[in-house]
Amino acid sequence: MGFYITTAIDYPNSRPHIGTAFEKIGADVQARFRRMEGDAVHFLMGNDENTIKVSQAAEKLGLEPKPYVDDMARQFREVWAALEISNDDFIQTSEERHHVGCRKFIQAVYDAGDIYKKSYTGLYCDGCEAFKTDKEIVDGRCPNHPNRELRRVEEENYFFRLSAFADRLLAHYEAHPDFIQPESRRNEIVSLVKAGLLDVSISRKGFTWGIPVPFDPDQTIYVWFDALLNYITAIGYGTDEERFRSTWPADVHVIGKDITRFHCALWPAMLMSAGLPLPKRVFGHGFVYRKDEGTGEVQKISKSLGNVVEPMDIIDKFSAEGFRHYFMSQCPFGGDGEFSFERFADAYNAGLANNLGNLYSRTLSMCVKYFDGKLDGSSAIDPTAWLAGLDLGALVEGLKRQIGAFEYNIALQRIWAEVLDAANRYIDTTRPFSLAKTDLEATKVVMVNLAEAIRVVAILIKPFLPETASTFYRAFNFEDARPWAEVGYADALARPAGPDLRVTAELVGGKPAPLFPKIDLKAAGA
RNA sequence: GGCGGCGUAGCUCAGUUGGUUAGAGCAGCGGAUUCAUAAGCCGCUUGUCGGGGGUUCGAAUCCCUCCGCCGCUACCA
């Protein structure tokens with residue numbers, strides 16, 4: 001099965017912050033999970049570059065737009081790579097493939113009769129890159145950009161007949177209850193569309209940076225009509241029709257809750273007009289807010305508030321895995337979350353250092369100390385005692401469902417509460433460190449069970465903490481039985497046949513190095 | 001103004017077809033241990049379940065009202 005997943009494309013007028021990263025990680029977990037389940041995943045990300053703000057930002061630096069956006073794209077990709085985002089493609093909307101596809105698409109909609117030209121006079125906000133209706137204006141200013149003057153602009157623009165699609169959209173929501181998720185977002189969109197849709201302006205006059213309208217070169221395509229098309233131009237619409245047909249429609253668009261209306265109303269209407277299938281699902285995730293460590297105040301993340309946290313700050317100090325773990329375990333993906341260094345350190349120390357990392361350390365240490373790392377005869381030993389009363393099959397089924405529904409925080413909570421706790425408790429009840437003094441055979445049974453726990457944990461955390469998962473899997477010679485790249489969630493259920501186990505983890509002075517050194521915020525200077 | 005959501009232990013939250021002494025994680029405290037990153041395990045403490053009223057044998061859970069916060073949206077000006 002193919003699985004096509006996308007994230008929103010970002011404005012490259014400033015570097016990505018942790019809120020942007022939240023979205024990419026959430027999409028990445030889904031992509032990695034689907035790959036484990038055997039799907040042919042295509043995971044797309046990109047930057048939205050055909051905006052006036054971008055060309056202005058370039059101008060400020062004395063650059064042409066293209067070199068500017070290319071450099072920003074490089075910086076974005078660097079951050080995503082550092083966060084272990086496994087995207088298969090990264091589209092820049094200034095690329096030729098996007099331009100070609102856009103021209104084809106807008107022509108198709110034009111030919112379908114859903115685009116018309118209309119003169120429009122209104123107050124234009126350069127900050128929003130949008131006309132403001134009277135009711136949106138407060139004290140003669142745009143509330144979002146109170147420092148800027150609104151300009152009175154009159155021009156002829158092309159409009160998309162969005163209003164004509166309301167009934168079809170509502171019918172689609174009705175027929176596909178999962179189209180918009182989570183539920184709360186769906187309700188908002190339904191009431192929005194029921195209230196009536198207005199036709200939208202889709203072009204601007206007099207700009208050279210952007211995509212010219214094919215049937216009127218004086219106009220360029222306006223941001224949303226252009227940006228949304230990245231989802232199809234990236235996979236060959238207009239340039240490689242065969243590839244496009246085999247990849248589209250998307251299985252899920254992962255986006256921020258603020259742009260659900262564009263993805264759930266405008267975008268489907270555009271596709272309907274062009275005669276293309278609609279994406280199967282749109283997931284509007286929540287926002288990350290910044291909680292001030294001193295005052296406890298919770299704020300939106302914004303440059304002007306000076307509370308921006310760059311992903312690289314956290315990655316450099318505390319690792320990418322720590323970053324991923326924090327956001328996936330502490331912030332419900334469909335709802336809002338908050339970030340503070342204090343909470344980060346708590347979650348990291350409790351979940352990664354004390355629990356996950358420590359289980360790894362104590363297990364390997366004992367294997368090395370009591371058996372020189374070689375568990376001879378392990379293949380004949382049943383490795384399921386550590387599970388005690390845990391129904392692994394039911395757990396795995398539940399996790400698959402929850403990850404599929406983007407309930408990552410709940411899935412992680414269960415892995416910790418049910419699997420990791422079971423393993424730690426097993427050590428305590430069997431006391432291998434005492435057993436080793438009197439009964440090495442019995443001790444070996446315990447170690448084989450713990451190795452199995454390590455293997456199961458590795459599999460279950462693979463979509464979330466790919467690096468740690470791999471380290472866990474390579475702690476023993478599990479790859480002799482089954483290559484890591486082929487491991488899926490079903491492999492957690494039973495140990496595959498293979499040679500006797502031995503420790504293959506990297507050791508420092510005969511001991512495993514701590515995977516997650518504890519965080520001391522004061523020492524870290526955070 | 002309309003629609004919707006939220007307000008539960010110090011912190012983050014679970015918990016609604018109403019029903020035994022309201023739960024989890026984190027933090028805190030105590031205990032027994034020592035393989036381990038002074039981690040892990042066992043045990044413990046705290047809650048007017050936002051305020052008030054009502055329905056009921058019985059409400060965190062249903063109804064009314066008030067307060068506070070948030071999302072979407074309308075209109076007036």
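Quick note on labels: first sequence line is chain A, next is B, and so on, each numbered from 1. These values consider heavy atoms only, across backbone and side chains, with no hydrogens, waters or symmetry-generated copies.
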Rounding to an integer number of angstrom, what distance separates [N] and [M] when you compare their [atom1] atoms?
N: rG53(B); M: rC69(B); atom1: P; answer: 24 Å
N: rA59(B); M: rU20(B); atom1: C1'; answer: 15 Å
N: rG25(B); M: rG43(B); atom1: P; answer: 11 Å
N: rU48(B); M: rA38(B); atom1: P; answer: 38 Å
N: rG5(B); M: rG50(B); atom1: C1'; answer: 15 Å
N: rA24(B); M: rA9(B); atom1: P; answer: 14 Å
N: rU65(B); M: rU55(B); atom1: C1'; answer: 15 Å
N: rG47(B); M: rG10(B); atom1: P; answer: 9 Å

(message) Using the side chain to side chain contact (heavy atoms under 4.5 Å, CB included) criterion, which residues pair with Leu170(A)? Sequence neighbours excluded.
(response)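 So Leu170(A) forms a side chain to side chain contact (heavy atoms under 4.5 Å, CB included) with Tyr173(A), Val190(A), Val193(A), Lys194(A).
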
(request) List in chain and number order the residues that pass side chain to side chain contact (heavy atoms under 4.5 Å, CB included) with Ala469(A), two or more places apart in sequence or in another chain; answer none if no residue qualifies. (result)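 Partners of Ala469(A) under the side chain to side chain contact (heavy atoms under 4.5 Å, CB included) test: Ile461(A), Lys462(A), Trp484(A).
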
(request) Answer yes or no: does atom CD of Glu342(A) have more than 12 heavy-atom neighbours from other residues, nucleotides or ligands under 6.0 Å? (result)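 Incorrect, the count does not exceed 12.
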
(request) Please check if atom CD in Glu310(A) has more than 12 non-hydrogen atoms from other residues, nucleotides or ligands closer than 6.0 Å. (result)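 Yes, enclosed.
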
Please give, in whole Å, the distance from [N] [atom2] to [X] [atom1]?
X: Leu359(A); N: rC35(B); atom1: CG; atom2: P; answer: 16 Å
X: Arg431(A); N: rC35(B); atom1: CZ; atom2: P; answer: 9 Å
X: Tyr326(A); N: rC11(B); atom1: OH; atom2: P; answer: 16 Å
X: Phe287(A); N: rC72(B); atom1: CZ; atom2: C1'; answer: 13 Å
X: Tyr348(A); N: rC26(B); atom1: OH; atom2: P; answer: 17 Å
X: Asn409(A); N: rA24(B); atom1: CG; atom2: C1'; answer: 13 Å
X: Arg185(A); N: rG4(B); atom1: CZ; atom2: P; answer: 16 Å
X: Leu412(A); N: rA24(B); atom1: CG; atom2: C1'; answer: 16 Å

(message) Heavy atoms within less than 4.0 Å of RNA chain B: which residues of residues 364-389 of chain A have one? Give them sorted by number.
(response)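 Within this stretch, Ser365(A), Met366(A), Lys369(A), Tyr370(A) sit under 4.0 Å of the strand.
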
(message) For Lys291(A) and Lys437(A), find the nucleotide of RNA chain B closest to each by heavy atoms; which residue's nucleotide sits nearer the 5' end?
(response)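 It is Lys291(A), whose closest nucleotide lies nearer the 5' terminus.
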
(request) Take Ala195(A) and Ala513(A), find for each the nucleotide of RNA chain B with the closest heavy atom, and name the residue whose nucleotide sits nearer the 5' end. (result)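 Result: Ala513(A).
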
May I have the list of side-chain donor-acceptor pairs in residues 368-376 of chain A shorter than 3.5 Å, sequence neighbours left out?
{"unit_1": "Asp372(A)", "atom_1": "OD2", "unit_2": "Lys374(A)", "atom_2": "NZ", "d": "3.4"}

(request) Tell me which nucleotide among rU37(B), rG71(B), rU33(B) gets nearest to the side chain of Phe433(A). (result)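 Taking heavy atoms from C-beta onward, the closest nucleotide is rU33(B).
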
Tell which nucleotide pairs with [N], taking only Watson-Crick or G-U wobble pairs whose two distances are both under 3.5 angstrom.
N: rC35(B); answer: none
N: rG68(B); answer: rC6(B)
N: rU61(B); answer: none
N: rA24(B); answer: rU12(B)
N: rG1(B); answer: rU73(B)
N: rU45(B); answer: none

Knowing that exactly one of [options] qualifies, which makes a ring pair (Phe, Tyr, Trp, His ring centres under 6.0 Å) with [X]?
X: His325(A); options: Trp416(A), Tyr348(A), Tyr408(A); answer: Trp416(A)
X: Phe318(A); options: Phe323(A), Tyr326(A), Phe344(A), Phe516(A); answer: Phe344(A)
X: Phe22(A); options: Phe333(A), Tyr289(A), Phe406(A); answer: Phe333(A)

(message) For the CD atom of Gln413(A) and the CE atom of Met328(A), what is their distance to the nearest 0.5 Å?
(response)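 Going from CD on Gln413(A) over to CE on Met328(A), the span is 14.5 Å.
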
[Y] side chain reached by [X] side chain, heavy atoms, under 4.5 Å:
X: Phe283(A); Y: Ile255(A); answer: no
X: Leu395(A); Y: Asp391(A); answer: no
X: Lys291(A); Y: Arg343(A); answer: no
X: Met270(A); Y: Ile202(A); answer: no

(request) State whether Tyr489(A) and Lys400(A) meet the cation-pi test: NZ (Lys) or CZ (Arg) under 6.0 Å from the six-membered ring centroid, and within 45° of the perpendicular axis. (result)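 No.
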
Can you tabulate the close N/O pairs, meaning under 3.5 Å, that link protein atoms to atoms of nucleotides 13-15 of chain B?
none

For nucleotides 38-46 of chain B, tabulate all protein N/O to nucleotide N/O atom pairs closer than 3.5 Å, reporting atom names and distance.
{"unit_1": "rA39(B)", "atom_1": "OP1", "unit_2": "Lys518(A)", "atom_2": "NZ", "d": "2.9"}
{"unit_1": "rA39(B)", "atom_1": "O5'", "unit_2": "Lys518(A)", "atom_2": "NZ", "d": "3.0"}
{"unit_1": "rA39(B)", "atom_1": "O2'", "unit_2": "Asn354(A)", "atom_2": "O", "d": "2.5"}
{"unit_1": "rA39(B)", "atom_1": "O2'", "unit_2": "Asn358(A)", "atom_2": "ND2", "d": "2.7"}
{"unit_1": "rG40(B)", "atom_1": "O2'", "unit_2": "Arg362(A)", "atom_2": "NH1", "d": "2.9"}
{"unit_1": "rG40(B)", "atom_1": "N2", "unit_2": "Asp428(A)", "atom_2": "OD1", "d": "3.3"}
{"unit_1": "rC41(B)", "atom_1": "O4'", "unit_2": "Asp428(A)", "atom_2": "OD1", "d": "3.3"}
{"unit_1": "rC41(B)", "atom_1": "O2'", "unit_2": "Asp428(A)", "atom_2": "OD2", "d": "3.2"}
{"unit_1": "rC42(B)", "atom_1": "OP1", "unit_2": "Arg425(A)", "atom_2": "NE", "d": "3.3"}

(message) Base, sugar-phosphate or nothing for Leu515(A)? Non-hydrogen atoms, less than 4.0 Å.
(response)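 Contact class for Leu515(A): base.
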
(message) Counting only side-chain nitrogens and oxygens, does Lys511(A) get under 4.0 Å of the OP1 or OP2 atom of rU37(B)?
(response)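 Yes, such a contact exists.
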
